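Within every chain, numbering begins at 1; the chains are lettered A, B, ... in the order of the sequence lines, protein sequences first and strands thereafter. All values reported here derive from a predicted model rather than from experimental measurement.
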Protein chains: 2
Amino acid sequence: MDLRTLRYFSAVVREGHFGRAAASLGIAQPPLTRQIQKLERDLGVSLLQRTRKKFEVTPAGRLLYERAGRLLDGADQTEADVRRAGTGETGRLVIGFVHSNTFTILPGAVARFRAAYPDVEMDLREMRHDNLVAGLENGGIDVGLLRPPVSSRALQAVTLIHEPFLALVWSGHRLAARRTVQLGQFASEPFVMYSRIGAPLIHTRVMEMCKRAGFAPRIAQYADQIDTVASFVAAGIGVALAPSTVTSFNMPSLRCLRIADRPAPLAMGVMWRTGNASGLVRNFTRVAREAAVVWRPLALLD
Amino acid sequence: MDLRTLRYFSAVVREGHFGRAAASLGIAQPPLTRQIQKLERDLGVSLLQRTRKKFEVTPAGRLLYERAGRLLDGADQTEADVRRAGTGETGRLVIGFVHSNTFTILPGAVARFRAAYPDVEMDLREMRHDNLVAGLENGGIDVGLLRPPVSSRALQAVTLIHEPFLALVWSGHRLAARRTVQLGQFASEPFVMYSRIGAPLIHTRVMEMCKRAGFAPRIAQYADQIDTVASFVAAGIGVALAPSTVTSFNMPSLRCLRIADRPAPLAMGVMWRTGNASGLVRNFTRVAREAAVVWRPLALLD
DNA sequence: ATGTTCGATACCCAATTGGTATTAGGAAAA
DNA sequence: TTTTCCTAATACCAATTGGGTATCGAACAT
């Protein structure tokens with residue numbers, strides 16, 4: 001008893017006529033007759049009471065007709081649902097992201113994705129960079145928004161946006177009126193520094209830039225997250241180098257200055273496990289790329 | 001997407017291994033591999049994430065696995081139910097019967113049938129002979145317990161039991177002490193007679209017997225049903241000729257006498273529409289026949 | 001390194017399915 | 001009553017599909 005046969009039987013009962021049923025099924029009448037006979041033989045049950053020219057449906061036939069209808073509906077629904085799941089239109093997507101995203105591509109990407117795939121359940125998790133990488137590797141996280149590069153062969157990455165570094169000073173600072181600053185001018189300034197564990201990449205980059213400018217920064221304060229860094233600077237604790245995302249904060253006593261020698265910007269990307277063919281991941285990364293195209297760092301608007 | 005393919009896919013996911021799945025399905029591994037590939041092609045969805053030697057089930061595959069399990073269970077259940085319906089183990093059986101049955105084969109047949117087929121819903125309807133015949137012909141009644149013969153080509157009948165006629169008198173009657181009576185001795189007796197419309201067959205038979213015995217009965221009272229006839233006789237209103245069923249009544253003032261020339265007994269049979277292959281009807285008629293074999297008219301016990 | 005395991009592929013055969021032509025038997029019309 | 005039409009069943013043929021055997025290639029274990 002397979003679904004095709006049930007479809008045939010359903011059509012015969014529905015139409016009450018082998019010829020019309022065959023036509024509606026797109027096959028000829030003789031094979032249809034044979035299939036119904038075979039079904040009856042297989043079940044060992046007479047489903048139609050035949051009188052050479054007409055037929056009546058037996059009680060067993062009526063029962064099968066009802067059940068077959070439900071089974072066929074269920075099968076069609078399943079097929080549709082599996083297709084949708086396969087193309088990533090339904091299901092559950094676990095998205096990990098590092099804090100920096102909160103003010104850049106995450107909001108736009110999530111909004112666009114929800115609009116495009118309303119039936120996908122999104123599980124958003126803010127995580128530290130290292131946990132996120134581990135989660136992506138062991139499958140706990142489907143897709144991650146974090147800063148490349150990540151030295152894992154198991155992961156695949158696409159860079160979405162580049163955020164230039166800006167120099168941050170408080171409004172009372174001697175350089176606050178400047179539009180552009182030479183990094184060397186920060187040589188003796190106290191620094192508000194991204195912590196090594198909270199943001200290893202930025203930490204490294206800042207140290208590197210200072211070194212290139214010929215000095216080692218005197219660290220007055222560590223902070224984990226960009227908003228903390230910004231508020232410390234605004235409070236006059238020190239200067240800082242931070243990605244352009246800071247411009248999305250409305251802090252009156254914070255000044256964001258361009259850096260004269262234009263250091264390489266920080267990247268933000270989307271990553272997933274290599275070979276994860278899930279439509280959900282494919283769709284999310286595509287939407288994230290679309291969101292990134294639209295995204296403009298505020299500092300570059302002028 | 002047919003049920004066989006779903007069974008295959010289910011086995012693969014369940015076993016987590018193509019070889020074992022193929023073995024459990026009783027087929028070789030290569031065709032199984034091909035069927036799964038075909039399923040994925042048909043759905044346009046990758047169900048298994050293959051790594052040359054192992055595989056993982058994708059979210060879409062997991063969804064299909066769950067749904068497939070339910071569909072297959074449903075299909076198996078349907079198959080079993082239809083089989084049972086076809087063999088007459090389930091369903092609804094409308095049984096029509098004439099009143100006379102109440103004291104003969106009906107109770108036994110119903111009890112046996114219910115015991116043998118507890119899942120069949122029985123709809124028991126007492127009806128007049130003519131309505132019962134009409135019901136059987138138009139399909140409103142599946143099977144009838146009534147007195148043959150019935151002159152309908154559309155109906156098929158099996159005689160179950162024969163009930164001999166007995167002569168009934170009240171205990172104060174001049175013949176009450178007799179064991180056997182000649183019908184001629186009733187020539188001038190007042191008769192309690194079955195009505196023509198209530199029991200046309202018995203009415204005719206009684207008239208016929210009297211005529212054969214050389215007299216026309218003087219009718220003192222008409223009655224429709226055997227218990228009414230018996231109680232009228234017991235009340236001394238007249239004598240009567242009735243089927244042996246009367247002996248099942250415990251009426252102290254009623255005497256049942258044998259009739260000397262042993263008139264042909266009344267038959268009681270089971271009837272159904274010709275060509276009604278319903279297992280329910282087949283089963284009921286069989287059980288009724290079994291019940292009839294066991295049934296013994298009380299009057300014949302001595 | 002080497003053998004083993006496991007899914008994939010190639011190729012073949014059998015079974016199943018569908019199509020065309022025709023038959024048989026009722027039902028309706030003449 | 002006879003004829004014609006209609007409908008399911010049958011006979012036969014072709015094409016597709018499904019399953020089997022042999023074998024491969026890559027990955028894992030020894």
*Among dG18(C), dA9(D), dA8(C), the nucleotide that comes nearest once only the side chain of R4(A) is considered*: dG18(C)
_Nucleotide of dG18(D), dG20(D), dT7(D) approaching A28(B) most closely (side-chain heavy atoms)_ = dG20(D)
*Could you tell me the separation between the CZ atom of R41(B) and the P atom of dA8(C), rounded to a whole number of Å?*
12 Å
*Between P of dT10(D) and CZ of R50(A), the distance in whole Å*: 9 Å
*asked:* I need the CD1-C1' distance between I27(B) and dG18(D), as an integer number of Å.
replied: 9 Å
*Do T58(A) side-chain atoms and S46(A) backbone N/O form a donor-acceptor pair below 3.5 Å?*
yes
*asked:* So, taking the atom named CD in Q35(B) and the one named CG in D42(B), what distance separates them when rounded to the nearest 0.5 Å?
replied: 9.0 Å
*Ignoring the backbone of F55(A), work out which of dA8(D), dT20(C), dA8(C) is nearest its side chain.*
dA8(D)
*Give one of base, sugar-phosphate or nothing for Q29(B), where a contact means two heavy atoms less than 4.0 Å apart.*
base
*Looking at CG of D119(A) and CZ of R92(A), how far apart are the two atoms once the value is rounded to the nearest 0.5 Å?*
15.5 Å
*Candidates dG18(D), dA8(C), dA9(D) - which lies nearest the side chain of T33(A)*: dA9(D)
*Would you kindly give the CZ-to-P distance between F9(B) and dG7(C), to the nearest whole Å?*
14 Å
*Taking CZ from R7(A) and P from dT17(C), how many angstroms apart are they, rounded to a whole number?*
15 Å
*Starting at atom NZ of K38(A), determine the distance to atom C1' of dA9(D), rounded to an integer number of angstrom.*
18 Å
*Can you find an N or O donor on one side and an acceptor on the other, under 3.5 Å apart, linking the side chain of Q37(A) with the base of dA9(D)?*
no
_Judged by each residue's nearest nucleotide on DNA chain D, which is more toward the 5′ side, L32(B) or K54(B)?_
L32(B)
*Take atom CZ in R196(B); do more than 12 heavy atoms of anything else shown fall under 6.0 Å from it?*
no
*dG7(C) base / R34(B) side chain donor-acceptor hit below 3.5 Å*: no
*Does P30(A) or D2(A) map to a spot on DNA chain C nearer the 5' end, using the closest nucleotide for each?*
D2(A)
_Between Y117(B) and F284(B), is the ring centroid distance below 6.0 Å?_
no
*asked:* Let's see if you can work this out: which of dG18(C), dA8(D), dG18(D) has an atom nearest to the side-chain heavy atoms of Y8(A)?
replied: dG18(C)
_What is the separation between atom NE2 on H17(B) and atom C1' on dA27(D), rounded to the nearest whole Å?_
13 Å
*Tell me: CG of L48(A) to P of dT7(D), nearest whole Å?*
16 Å
